[in-house]
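Have a look at the structure below, then the notes.
Remember, it's 1-based here, ligands and their atoms both numbered in the order they're listed. Numbering of residues begins at 1 and proceeds along the displayed sequence. Because only heavy atoms are used, hydrogens play no part in the values below, and waters and symmetry mates are left out as well, while side chains stay in.
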Amino acid sequence: MPRDPRYDILFDSVKIGPVTAKNRFFQVPHCNGMGYRDPSAVATMRAVKAQGGWGVVCTEQAEIHPTAEICPFIELRIWSDQDVPMLARIADSVHEHGALAGLQLCHNGMNAPNLYSREIPMGPVDLPVFSVFNDPVQARAMDKEDIRNLRKWHREAALRSKRAGYDIVYVYAGKLFGGPMFFLSRRFNNRTDEYGGSMENRARLLKELIEDVKDAVGDTMGVACRISVDEMIGEEGLHASEARDIIAHLGEVPDLWDLTLSSWDNDSQTSRFADEAYQEPFVLGVKKVTSKPVVGVGRFTSPDTMVRMIKQGVLDFIGAARPSIADPFIPEKIREGRLEDIRECIGCNMCVAGDHTSSISRCTQNPSMGEEWRRGWHPEYIRPKQDEGRVLVVGAGPAGLEAAMMLGKRGHDVALAERGTQLGGRLVNERRLPGLSAWGRVADYRAGQLANMSNVEIYYDSALTDEDILGFGFDHVVLATGSAWRRDGVGRAVLKPLVLDGAEALNPDDLMAGARPAAREVLLFDDDHYYMGGVLAELLVKEGYTVTLVTPAATVSSWSFNTMEQHKIQARLIELGVKIRPSAILTGVQNGVATLACAYTGRTEEIAASAVVPVTARLPRHELAQSLRARQGEWGAAGLHAVTVIGDALAPGTIAAAVWSGRRYAEELGTNPDPAGVPFRREVAELLPFDLSSILTR
Ligand code: ADP
Ligand code: SF4
């Protein structure tokens, strides 16, 4: 289908200093948990985005000097010429598809604990580092020599970026990651010299850094400045009107302004807390104070919203991190008029969790994220089938839908059997929970794709048995039958079923199916620690129940720290009146009285509990697998070669894990992977010459 002319404006070319972007799609810098540990994996992931049509593809932050490194988080480094080949590989890969390659230089200043380098961090003043884990490290106030050094390091890093082949280089003053931001923000900067005090003074360091970098490489490279426009803490921090003054003051110095909110949790808000284009009120008006192009983000997935941003003069470039992860091909799909094929980001921040856990960024919507080089997966393509095998997929949750869709794309004849009347599995109910409606996109995207596949048949109301399956004659059977929440409290803190005497026990499945306790007072025991406990507490309290959330952790939904939501969830539950009992373990209920044990001392207390909702663990639904395995002797006669269990039916996990599991099955069908081997490629650091004697000799 030809492109809708309404979207033509998104394909205008735009100049960034001496370089020109072919369109307005701008993949802003984003971390990915791979960085210097997995350079070829990063290069391939970025190359896929360039192939998907982004006009600009940037790296994550590249740390410019050992005095600012954010271990344990894995980003890039540009400390010396040793780093240039790795960075060049990324730039070269991006160039193969005609995108501009941007490199985000970063000196994290007093955000960096320097746990690896052991150098003393530096900031505008003497203060503890503002790091993710509140490390016991203080930054020292920079003197004039430090400032001269910082300027020199930026210049040198810019020259290295040029040698590595980049087109755009950043000076980073955003999100309380880029060190110069600590100079900009009044709350951190009470210096009395020319780098503190007035707005002009606080902006002096940033201005000097941009000018230095421009001086070094600005003849051939675009110089971007990434800056936070609001810390979202009111007058005390950097806020929209002051940021606008700073940008007006520096307006023409860089070639491009990249606008963010601060800190990262405000910049990358989840769909539970913010809608698409949520940054608009904060970036409005910036274009009036600079003639330089402006890029901003806001989880943009709708081309109409993108067009509005351009036409209303809010932005020049449509910036995206997460939408470009969920669908690296958004620009191409808009260009080709294939809007129904866009795989929209659901705003869950599983990608962020990959970075926070120093693993790799995984994506709920795009299971190929991070697997492009390691396993050779592509977000759009999959190699054709290797045999004529017909496949039956049982269960249409995230795992079954992904498996059926990708097997269909490989060209297999597929039957997808679902015992219910809708596609989506767990999402059928979970998408109705407070704040989770966007998660339904996982099911909707796949249902939309399957609807156009003539080789995939979907059967509803089909609760299959082993007898059914053996009668069908499929070559391969995939069981994606999901899991069910436990009702007995067993999870992490409790390993034997609880006695819940005199209390009505409902599990999350019951509540999601519409059941409600007869009593108005509910004790919710959350030993799952991700979103479900907090979401159900929110659901019940909004319906007028009195909810006490008991958790062995110190905070509610504690794993949601990794999706940058924990503090928001805690605040929301407090505001809604949920009673929170942290560091406590439910040990049982007798005659409607619950016993809670302190998670530290074991000391017990009793509270009334006529209704209990344990949110602790799930049990895989593996009865079908067991009964089929019990009849393995009949498989040959039935034409059945293999039965494979995937997703929650194998081991209950996240939706992202279920989707990934479905993809893995589809990728590996017919490949016979060696179970003894490493199931993916990895890069091992090149060894330098080794002279033990120089160290061991006195
Ligand atoms: P996952 O996250 O692994 O995809 P879900 O629980 O979301 O798992 O989905 C499992 C799906 O499997 C549900 O829609 C459920 O109705 C379906 N299902 C379970 N058992 C059967 C069965 N015997 N026949 C057909 N569908 C089944
Ligand atoms: Fe979007 Fe979630 Fe994917 Fe991140 S993991 S890109 S938030 S869908």
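Of all heavy-atom pairs spanning V393 and V414, the tightest one is CG2-CG1, 4.0 Å.
Judged as a ring pair (Phe, Tyr, Trp, His ring centres under 6.0 Å), and not counting sequence neighbours, the contacts of Y531 are W439. The side-chain hydrogen bond (donor to acceptor under 3.5 Å, both in side chains) check on N455 picks up nothing, with sequence neighbours excluded.
The shortest distance between side-chain heavy atoms of H476 and V643 does not fall below 4.5 Å. W485 places a side-chain heavy atom less than 4.5 Å from the side chain of M532. A heavy-atom distance below 4.5 Å is not found between the side chains of Q279 and Q269.
Seen from the ring of F317, R24 does not count as a face-on cation partner, given the 6.0 Å and 45° thresholds.
Annotation: R682, atom CZ; neighbour count of heavy atoms from other residues, nucleotides and ligands within 6.0 Å does not exceed 12.
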Atom pairs and distances, ligand 1 N/O vs protein N/O under 3.5 Å:
| unit_1 | atom_1 | unit_2 | atom_2 | d |
| --- | --- | --- | --- | --- |
| ligand 1 | 2 (O) | D648 | OD2 | 2.8 |
| ligand 1 | 3 (O) | D648 | N | 2.7 |
| ligand 1 | 4 (O) | P398 | N | 3.1 |
| ligand 1 | 4 (O) | A399 | N | 2.8 |
| ligand 1 | 7 (O) | R426 | N | 2.7 |
| ligand 1 | 12 (O) | A480 | O | 3.3 |
| ligand 1 | 14 (O) | E418 | OE1 | 2.7 |
| ligand 1 | 14 (O) | E418 | OE2 | 3.1 |
| ligand 1 | 16 (O) | E418 | OE2 | 2.6 |
| ligand 1 | 16 (O) | R419 | NE | 3.1 |
| ligand 1 | 23 (N) | L464 | O | 3.1 |
| ligand 1 | 24 (N) | S462 | O | 3.4 |
| ligand 1 | 24 (N) | L464 | N | 3.0 |
| ligand 1 | 26 (N) | R419 | N | 3.1 |

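Ring to ring, W264 and H30 are not that close: their centroids are 6.0 angstrom or more apart.
For atom 2 (Fe) of ligand 2, the nearby protein N/O/S atoms, meaning those under 2.8 Å, are C348 SG.
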